Number of protein chains: 2
Amino acid sequence: MPQRTKKPGAAKTRSVAFRRIRADHSSELAEDYVELIADLIDEKGEARGSDVAMRLGVANATVVKTLKRLQDAGLVTQEPYRSIFLTGEGWKMAEDGRRKHKIVEAFLLALGVSEETARIDSEGIEHHVSEETLRAMARFLARKVM
Amino acid sequence: MPQRTKKPGAAKTRSVAFRRIRADHSSELAEDYVELIADLIDEKGEARGSDVAMRLGVANATVVKTLKRLQDAGLVTQEPYRSIFLTGEGWKMAEDGRRKHKIVEAFLLALGVSEETARIDSEGIEHHVSEETLRAMARFLARKVM
DNA sequence: CTGAAAGTTTAGCATTGGCTAAACCTATTG
DNA sequence: CAATAGGTTTAGCCAATGCTAAACTTTCAG
């Protein structure tokens, strides 16, 4: 590899990073929704819009509107006044989110952070960690456990 | 249903977490801007809108519009066709962002992640780590170095 | 089986953050 | 010192995400 005495690509990498963050943001909400819906289905057998609203801390109407977009995106299905279902793709996204979430949260706990903080921070961080970083976190956990 | 022996506050904490993430998002852009402006001033002596646009990977017009908001928020000052300055508050925010950024990036590197990934991921993560997590990261770094 | 309470959706609005194209300054050069 | 090239701003558009209030369904008690 290159013998970089000093990070020549730093400036270019930045706009790449920022672009990725903006892209992440659009999918972030979708991921939060499907992950939450999956949890609700597992926990209570069904996911209702108002449960989602409550847990996300957002108005009911907002959820309705967002679900419409998610339906267009092929992640969920829903009929008016009924509960919400995930499509195959929706489940896939939910599972992936849960996987990341678990790793990040466990990692933060292993780092010595409190449960409360681990829960809160992992929610924010999970959408911004690359697979490489996840692997590093998993490695750290494995080492710790041994 | 099952008697949840653990984490009674988990559900409530979630909406707290999501609320915080939404709040983070509004300040995130502002932090990125002021941090970048600070870097530009340090690097080249002045920050021009077009430099900001280039590094963030957005259109010039977008920067103009955002700077107007930042000016209203008391973070920057600018006159038309001139370069951008940070207010005292702007500098404070920039310094804080840099501090977080440095810790997160160094931490990721110490975890064994590549430079490229550390740069990209830290940009996304820095806005979502609490002070507690930052402290844990700093602790980890200190231990590593010894 | 009916009517009101509870739960959902629609309507309409605001803000943020993006874009392109056109208008507008500034500054350089001939 | 004027013309123009190039950088900046304005205008006007769009999509996403949030809200409240009003309209509409469902459900359940009586």
Side-chain angles (χ1 to χ4, degrees), chain A residues 14-37 40 44-85 123-124 127, chain B residues 14-37 40 44-85 123-124 127:
Chain A
R14 284 201 87 155
S15 80
V16 171
F18 288 123
R19 276 175 192 290
R20 216 203 60 189
I21 289 167
R22 283 198 302 279
D24 285 351
H25 279 170
S26 14
S27 46
E28 195 166 332
L29 229 223
E31 282 174 30
D32 284 342
Y33 268 76
V34 297
E35 215 178 313
L36 183 45
I37 290 164
L40 285 166
K44 349 175 90 177
E46 67 165 5
R48 323 214 100 250
S50 47
D51 295 334
V52 174
M54 172 114 30
R55 295 231 190 156
L56 288 178
V58 97
N60 236 296
T62 301
V63 171
V64 172
K65 205 184 280 192
T66 304
L67 284 177
K68 223 160 267 163
R69 275 200 305 279
L70 297 186
Q71 192 153 30
D72 290 350
L75 294 168
V76 312
T77 53
Q78 192 197 18
E79 283 155 80
Y81 300 99
R82 317 292 291 308
S83 64
I84 308 156
F85 298 91
E123 203 77 66
H127 303 290
Chain B
R14 284 201 87 156
S15 80
V16 171
F18 289 123
R19 275 176 193 289
R20 217 204 61 187
I21 288 167
R22 283 198 301 280
D24 285 351
H25 279 170
S26 10
S27 46
E28 195 166 333
L29 231 222
E31 283 175 30
D32 283 343
Y33 268 76
V34 296
E35 215 178 314
L36 183 45
I37 290 164
L40 285 167
K44 346 174 91 177
E46 67 165 4
R48 323 214 99 250
S50 48
D51 295 334
V52 175
M54 173 113 33
R55 294 231 190 157
L56 287 178
V58 304
N60 236 296
T62 302
V63 171
V64 172
K65 205 186 281 191
T66 304
L67 283 179
K68 222 160 269 166
R69 277 201 304 278
L70 297 186
Q71 192 152 29
D72 290 349
L75 295 168
V76 310
T77 52
Q78 193 198 17
E79 284 156 79
Y81 299 99
R82 318 292 292 306
S83 64
I84 309 156
F85 297 92
E123 201 77 65
H127 304 290

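Lettering of chains follows the sequences in order, A, B, ..., and the numbering in each one begins at 1. A quick note: this is a predicted structure, and the numbers were derived from the prediction, not measured.
In this structure, B:L67 and B:I37 have side chains that are in contact, with non-hydrogen atoms separated by less than 4.5 Å. Between B:V58 and A:R22, some side-chain heavy-atom pair lies under the 4.5 Å cut-off. The shortest distance between side-chain heavy atoms of B:F18 and A:D32 falls below 4.5 Å.
Taking atom CG of B:N60 as the reference point, atom P of C:dA23 lies 18 Å away to the nearest angstrom. In this structure, B:E28 atom CD and D:dA16 atom P are separated by 19 Å, rounded to whole Å. Rounding to whole angstrom units, CG of residue A:L67 and P of D:dG18 are separated by 12 Å. At whole-Å resolution of the value, CG in A:L29 and P in D:dA15 are 17 Å apart. In this entry the distance linking CG of B:L56 with P of C:dG17 reads 12 Å, nearest Å. In this structure, OH of B:Y81 is placed 7 Å from P of D:dT10, rounded to the nearest angstrom. One interatomic measurement links the two molecules: CG of A:D32 to P of D:dT17, which rounds to 11 Å at whole-angstrom precision. Here D:dT17 presents its C1' atom at 13 Å from NE2 of A:H25, a figure rounded to the nearest Å.
Between B:R48 and B:E46, at least one side-chain N (NZ, or NE/NH1/NH2) sits under 4.0 Å from a carboxylate O, which counts as a salt bridge.
Checking the phosphate oxygens (OP1, OP2) of C:dT10, a side-chain nitrogen or oxygen of A:K68 falls inside 4.0 Å. For C:dT16, neither phosphate oxygen OP1 nor OP2 lies less than 4.0 angstrom from any side-chain nitrogen or oxygen of B:T66. Neither OP1 nor OP2 of C:dG17 sits under 4.0 Å from any side-chain N or O of A:R22.
Of the listed nucleotides (D:dT10, D:dT17, D:dG7), D:dG7 has the atom at the smallest distance from the side chain of B:R48.
Residue contacts shown for A:R69 include a base, since a base heavy atom lies under 4.0 Å away.
If B:D51 and B:K65 are placed on DNA chain D by their nearest nucleotide, the residue sitting closer to the 5' end is B:D51. When each of B:T62 and A:A61 is assigned the nucleotide of DNA chain C with its nearest heavy atom, A:A61 is the one assigned upstream, toward the 5' end. Nucleotides of DNA chain C nearest to B:A59 and A:G49 differ in position, and the one nearer the 5' end is that of A:G49.
Distance check, rounded to the nearest 0.5 Å: OG1 of B:T66 to CG of B:L29 gives 6.0 Å.
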